[in-house]
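Only a predicted model underlies this, so the values are computations on that prediction, with no experimental measurement involved.
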Amino acid sequence: MKPRGFTQPLYVLPFDHRGSFEIKMFGWHEPLSDTQTAEIAAAKHVIYEGFQKAIADGVAKEKAAILVDEQFGAAILRDAQEQGFHFAMAAEKSGQEEFDFEYGQDFAKHIEQFSPTFCKVLVRYNPEAYPELNRVQAARLQRLSEYLQKAGRSLFMFELLVPAERQQLEKFNGDKKAYDAQLRPQLMVRAIEELQQAGVEPDVWKIEGLDKREDCAKIVSSARRGGRDNVSCIILGRGEDDAKVREWLTTAASVPGFIGFAVGRTDFWDPLVNWRSGKSSREGAIAEMAKRYREFVDIFEGAQHGDK
């Protein structure tokens, strides 16, 4: 079955972080109390209000989307559906090296409960490492891919991470940036094609930032090979600083097939920290998140149109 694809502009504000959010933002560890869970959910609602303000301030609703988890964001998922927003919902268990479903064999029931625009997975897949792990992950992902295509509602969004293995880093004397620039792009191409061969057919690939336009073009070529003409890519912020995210957005936007971005922590982290510490008001945090999100939209669209 060929993927359905998605070719419209897509600007995602992701805040489906769970384990990292609990620990780094709140200093908490599982299991959480009901009070702690509610406090995290409330913080995520502030991010959602930043997204809504950005739309009220001029970002086109049909191009905007959120990505949130069910654990802390069920109320947000329901409201996004009622408001007619594009929204993605995470399906993977948080913080795992090996992909597995957050809700095990009940994954379909949870997807159907919310009917998100996109069902999203985050997967660590290095084609030069752990072939048995890759095979097991691909089998689970193929099951999800087949389910989504047969159900015909939610599209499949695939966040591909290719973490460096020790031997790979050694080739660059431990320089992670050199690995990112020189080896990771070709590993991503191989990963995409291996997953396709295994029957995993995303409609949208979420791609780690790339420094070179030609690497972005190679990723699109692989994503769209074999008649997958409507499959598209979006670029990740990966929690990088503002300057690096702007660079990645500008590079990707110039390549047909990259339809947008998913930038989360660079958008919401500092405003949320400042609000929680009392350095800014709730309204100030919401306004700052909305401003940053609008700026990323402007950067991407400006680069698409060749603005200087």
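For V231 against P3, the heavy-atom pair with the smallest separation is CG2-CG, 3.4 Å. Between G19 and S94, the closest heavy-atom pair is N-OG, 3.2 Å. Residues P127 and E194 share a closest heavy-atom pair of CB-OE2, 3.4 Å. Between L210 and M188, the shortest heavy-atom distance links the atoms CD2-SD, 4.1 Å. Of all heavy-atom pairs between A90 and R18, the closest is CB-NH2, 3.6 Å. Heavy-atom minimum distance, C216 versus T251: SG-CG2, 4.1 Å.
Using a 4.5 Å heavy-atom threshold, the side chains of M289 and L272 count as touching. In this structure, R140 and F99 have side chains that are in contact, with non-hydrogen atoms separated by less than 4.5 Å. In this structure, the side chains of M25 and W269 come closer than 4.5 Å at one or more pairs of heavy atoms. Using a 4.5 Å cut-off on side-chain heavy atoms (C-beta onward), Q8 and H86 make no contact. At a threshold of 4.5 Å between non-hydrogen side-chain atoms, the residues D270 and R292 count as touching. Side-chain contact between I235 and I219 is absent, with no heavy atoms from C-beta onward closer than 4.5 Å. Taking 4.5 Å as the limit, every side-chain heavy atom of K218 sits out of range of all side-chain heavy atoms of K212. Put simply, the side chain of L10 does not reach to within 4.5 Å of the side chain of S232, judged on heavy atoms.
I259 and L249 are not part of a single hydrophobic cluster, where members link through side-chain heavy atoms under 4.5 Å apart. In terms of hydrophobic clustering, with Ile, Leu, Val, Met, Phe, Trp and Tyr side chains grouped at heavy-atom distances under 4.5 Å, F300 and V263 are assigned to a common cluster. Linking ILVMFWY residues whenever their side-chain heavy atoms come closer than 4.5 Å, directly or via other members, places F26 and L32 in the same cluster. In the hydrophobic clustering of this structure, L67 groups with I234; members are Ile, Leu, Val, Met, Phe, Trp, Tyr whose side-chain heavy atoms approach within less than 4.5 Å, directly or through other members. If you chain together hydrophobic residues whose side chains sit under 4.5 Å apart, V204 and L141 never meet in one group.
With sequence neighbours left out, the side chain to side chain donor-acceptor pair (under 3.5 Å) criterion links Q149 to no other residue. Evaluation of the side chain to side chain donor-acceptor pair (under 3.5 Å) rule for W248 yields D211 as partners, not counting sequence neighbours. Applying the ring-ring contact (aromatic ring centres under 6.0 Å, His included) test to Y125 and every residue at least two apart in sequence or in another chain returns nothing.
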Residues 52-60, side-chain donor-acceptor partners within the protein, below 3.5 Å, at least two apart:
from: K53; atom 1: NZ; to: D57; atom 2: OD2; distance (Å): 3.2
from: D57; atom 1: OD2; to: R294; atom 2: NH1; distance (Å): 3.4

Could you pull out all donor-acceptor pairs under 3.5 Å where a side-chain atom in residues 153-169 meets a protein atom, sequence neighbours excluded?
from: S154; atom 1: OG; to: P116; atom 2: O; distance (Å): 2.6
from: E159; atom 1: OE1; to: K206; atom 2: NZ; distance (Å): 2.9
from: R166; atom 1: NH1; to: E170; atom 2: OE2; distance (Å): 2.8
from: Q168; atom 1: OE1; to: N126; atom 2: ND2; distance (Å): 2.8
from: Q168; atom 1: OE1; to: E165; atom 2: N; distance (Å): 2.9
from: Q168; atom 1: NE2; to: N126; atom 2: OD1; distance (Å): 3.2
from: Q168; atom 1: NE2; to: E128; atom 2: OE1; distance (Å): 2.9

Please tabulate, for side-chain N and O atoms in residues 101-112, each donor-acceptor pair with protein atoms closer than 3.5 Å (sequence neighbours left out).
from: Q105; atom 1: OE1; to: R143; atom 2: NH1; distance (Å): 2.9
from: Q105; atom 1: OE1; to: R143; atom 2: NH2; distance (Å): 3.0
from: H110; atom 1: ND1; to: E70; atom 2: OE1; distance (Å): 2.9
from: H110; atom 1: ND1; to: E70; atom 2: OE2; distance (Å): 3.1
from: E112; atom 1: OE2; to: Y147; atom 2: OH; distance (Å): 2.8

Note to self: Using the rule given for ring-ring contact (aromatic ring centres under 6.0 Å, His included), can you reason through F85 versus F51, listing the C-alpha separation, both sets of side-chain angles and the distance that settles it, and then say yes or no?
What the structure shows: CA-CA 10 Å; F85 294 132; F51 169 79; 5.3 Å; yes
Notebook entry, point to check: Under the side chain to side chain contact (heavy atoms under 4.5 Å, CB included) criterion, do L183 and F172 qualify, and how do the steps go?
Noted result: CA-CA 10 Å; L183 183 56; F172 302 100; 3.8 Å; yes
Next item on the list: Start with the C-alpha gap between R4 and E201, add the side-chain angles, then the distance that decides, and say whether salt bridge (charged side-chain N to carboxylate O under 4.0 Å, His left out) holds.
Entry: CA-CA 9 Å; R4 289 162 287 171; E201 297 287 2; over 6 Å; no
Checklist line | Test log, rule side chain to side chain contact (heavy atoms under 4.5 Å, CB included), inputs K2 and R228 | finding: CA-CA 7 Å; K2 287 287 194 303; R228 299 173 176 87; 4.2 Å; yes
Note to self: Apply side chain to side chain contact (heavy atoms under 4.5 Å, CB included) to residues V273 and R276 and explain how you reach the verdict.
What the structure shows: CA-CA 5 Å; V273 167; R276 294 194 68 248; 6.0 Å; no
Next item on the list: Could you go through the side chain to side chain contact (heavy atoms under 4.5 Å, CB included) check for I207 and D215 one step at a time?
Entry: CA-CA 11 Å; I207 299 296; D215 287 332; over 6 Å; no
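Q196 places a side-chain N or O within 3.5 Å of a backbone atom of S222 that can act as its donor or acceptor partner. Remark: side-chain polar atoms of N134 are paired, donor with acceptor, to backbone N or O of A129 under 3.5 angstrom. With hydrogens and angles ignored, the 3.5 Å screen pairs a side-chain donor or acceptor of Q81 with a backbone N or O of F114. Here the side chain of T250 pairs a donor or acceptor atom with the backbone of R246 at under 3.5 angstrom. Looking only at distances, a side-chain donor or acceptor of R124 sits under 3.5 Å from a matching main-chain atom of Q96. Counting only distance, with no hydrogens or angles, the side chain of E92 and the backbone of L122 share a donor-acceptor pair below 3.5 Å. Put simply, the side chain of D16 never gets that close to the backbone of V68: no donor and acceptor are under 3.5 Å apart. Of the possible polar contacts, none joining the D203 side chain to the F6 backbone as a donor-acceptor pair under 3.5 Å is found.
Here the straight-line distance linking atom CD of Q137 with atom CG of L133 works out to 4.5 Å at 0.5 Å rounding.
Counting non-hydrogen atoms of other residues, nucleotides and ligands closer than 6.0 Å to NZ of K24 gives a total of 12 or fewer. Atom NZ of K176 is surrounded by more than 12 heavy atoms from other residues, nucleotides or ligands within 6.0 Å. In the displayed structure, D241 atom CG is contacted under 6.0 Å by more than 12 heavy atoms of other residues, nucleotides or ligands.
Taking the six-membered ring where tryptophan is involved, the planes of F296 and F261 are perpendicular, since the angle between them exceeds 60° and thus also 30°.
Evaluated for a side chain to side chain contact (heavy atoms under 4.5 Å, CB included) with I66, the options I47, V12, I76 yield exactly one hit, I76.
Side-chain contact annotation: T266 with R238, donor-acceptor N/O pair under 3.5 Å absent.
With respect to the salt-bridge test (charged N to carboxylate O, under 4.0 angstrom), the residues D69 and K44 qualify.
Figure legend: R213 and F258 shown without cation-pi pairing, the cationic atom not lying both under 6.0 angstrom from the six-membered ring centre and within 45 degrees of its axis.
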